[in-house]
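Working notes, beginning with the structure itself.
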Protein chains: 2
Amino acid sequence: MEATTSLIGRKWVPTILLTLDASPKRFGALKSEIADCSKKMLIQQLNLLLENNLVINIKTVDNNSTESTYMLSSMGQSLMPIVKSMRNWGNNNLACER
Amino acid sequence: MEATTSLIGRKWVPTILLTLDASPKRFGALKSEIADCSKKMLIQQLNLLLENNLVINIKTVDNNSTESTYMLSSMGQSLMPIVKSMRNWGNNNLACER
DNA sequence: CAGAATCCTATGTGATACTG
DNA sequence: CAGTATCACATAGGATTCTG
């Protein structure tokens with residue numbers, strides 16, 4: 001329980017998961033979809049998700065730039081129903097106080 | 001989404017909800033069931049839950065001491081399936097790294 | 001018995017500049 | 001393009017003491 005909330009309770013993590021759930025994305029695409037999240041935070045939370053095997057990363061070096069693609073792992077996907085039900089519950093029950 | 005995680009992402013909150021889900025409890029009973037949580041934290045998180053209408057509090061003054069009973073509201077109960085599924089997911093998928 | 005107030009520390013978060 | 005490093009700040013969490 002504590003471990004679960006220590007993951008999805010972190011800032012930007014649910015947003016990242018929802019964004020990656022739509023489709024795998026390169027780092028830059030993620031960054032522009034979640035513009036309010038700083039680059040450092042985004043990388044930091046992605047690393048957290050990588051360490052916990054919720055997300056998979058594939059790097060390829062084409063010409064002279066780097067391409068880093070992130071996608072949900074099967075474990076990450078297994079969490080999505082919960083994330084989505086949290087979102088729905090919040091929309092139905094919480095005003096925008098906090 | 002953010003609002004939801006700002007509630008259940010807080011320390012002790014899921015534990016409190018699960019404990020109250022079993023049955024309504026007086027403050028002292030809660031405190032002893034969740035012994036590791038300091039009194040201040042317990043009160044603080046209970047107030048957070050009260051403000052967000054997840055929990056109901058009833059105070060009565062008998063002899064010369066105060067009795068303060070906490071229980072889940074209907075909104076709090078509506079969140080329990082999610083909390084429990086988070087707990088199950090964590091038990092199934094997370095080692096005890098974090 | 002419940003709860004509030006105070007203080008202190010750890011951690012999360014954010015802006016910015018730097019590297020390969 | 002991705003990722004790292006440094007610094008600086010805000011907030012969460014905990015120990016303790018006080019009040020009705």
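Chain identifiers are assigned alphabetically (A, B, ...) following the order of the sequence lines, protein sequences preceding nucleic acid strands; residue numbering begins at 1 within each chain. Here the structure is a predicted model, which is why all the values come from computation and not from measurement.
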What is the distance from [atom1] of [X] to [atom2] of [N], rounded to the nearest Å?
X       : N      : atom1 : atom2 : value
A:Glu2  : C:dT11 : CD    : P     : 16 Å
B:Leu30 : C:dA2  : CG    : P     : 10 Å
B:Ile43 : C:dC1  : CD1   : P     : 13 Å
A:Glu51 : D:dG3  : CD    : C1'   : 15 Å
B:Ile58 : C:dG3  : CD1   : P     : 13 Å
B:Leu46 : D:dG13 : CG    : P     : 14 Å
A:Leu49 : D:dG3  : CG    : P     : 13 Å
B:Leu42 : C:dG3  : CG    : P     : 9 Å

(message) Strictly below 4.0 Å: does B:Tyr70 bring a side-chain N or O up to OP1 or OP2 of C:dC1?
(response) no
(message) Does a side-chain N or O of B:Asn47 approach OP1 or OP2 of C:dA4 to a distance below 4.0 Å, or not?
(response) yes
(request) Report the residues that fulfil side chain to side chain contact (heavy atoms under 4.5 Å, CB included) with A:Asn92, sequence neighbours left out, ordered by chain and then residue number. (result) none
(message) Among residues 20-27 of chain B, which ones have heavy-atom contacts with DNA chain C below 4.0 Å?
(response) B:Arg26, B:Phe27
(message) Checking one residue: A:Ile58. Which other hydrophobic residues are in its cluster under the side-chain 4.5 Å linking rule?
(response)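 Traced through the cluster, A:Ile58 reaches A:Ile56, A:Met71.
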(message) Listing request: all salt bridge (Lys or Arg N to Asp or Glu O under 4.0 Å) pairs with a residue in residues 56-71 of chain A, at least two apart in sequence or in separate chains.
(response) A:Arg26-A:Glu67
(request) Mind jotting down which residue pairs meet the salt bridge (Lys or Arg N to Asp or Glu O under 4.0 Å) criterion with at least one end in residues 36-50 of chain B? Sequence neighbours excluded, please. (result)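 Qualifying pairs, neighbours excluded: none.
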Side chain to side chain donor-acceptor pair (under 3.5 Å) with [X]: which residues, sequence neighbours excluded?
X       : result
A:Asn57 : A:Ser68
A:Thr5  : none
A:Asn91 : none

(request) Hey, could you give me the CH2/OG1 distance between A:Trp12 and A:Thr19, rounded to the nearest 0.5 Å? (result)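 Output value for this atom pair is 10.0 Å.
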(message) So if I take the C1' atoms of five pairs at each end of the helix from C:dC1-D:dG20 to C:dG20-D:dC1 and get each local axis, what angle do the two axes make, rounded to 10 degrees?
(response) 40°
(message) Does anything in residues 69-85 of chain A form a side chain to side chain donor-acceptor pair (under 3.5 Å)? List the pairs, not counting sequence neighbours.
(response) A:Asp21-A:Lys84, A:Ser78-B:Trp89
Do any N or O atoms of the protein come closer than 3.5 Å to N or O atoms of nucleotides 13-20 of chain C, and which pairs are they?
from, atom 1, to, atom 2, distance (Å)
C:dT13, OP1, A:Lys11, N, 3.3
C:dG14, OP1, A:Lys11, NZ, 2.6
C:dG14, OP2, A:Trp12, NE1, 3.3
C:dG14, N7, A:Lys40, NZ, 3.0
C:dG14, O6, A:Lys40, NZ, 2.2

(request) Could I get the full list of salt bridge (charged side-chain N to carboxylate O under 4.0 Å, His left out) partners for A:Lys25, not counting sequence neighbours? (result)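 In terms of salt bridge (charged side-chain N to carboxylate O under 4.0 Å, His left out), with neighbours along the sequence ignored, A:Lys25 is linked to A:Glu33.
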(message) Donor-acceptor pair, distance only, cut-off 3.5 Å: does the side chain of B:Thr4 make one with the backbone of A:Met86?
(response)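 Checking the backbone N and O of A:Met86 against the side chain of B:Thr4, a donor-acceptor pair under 3.5 Å is found.
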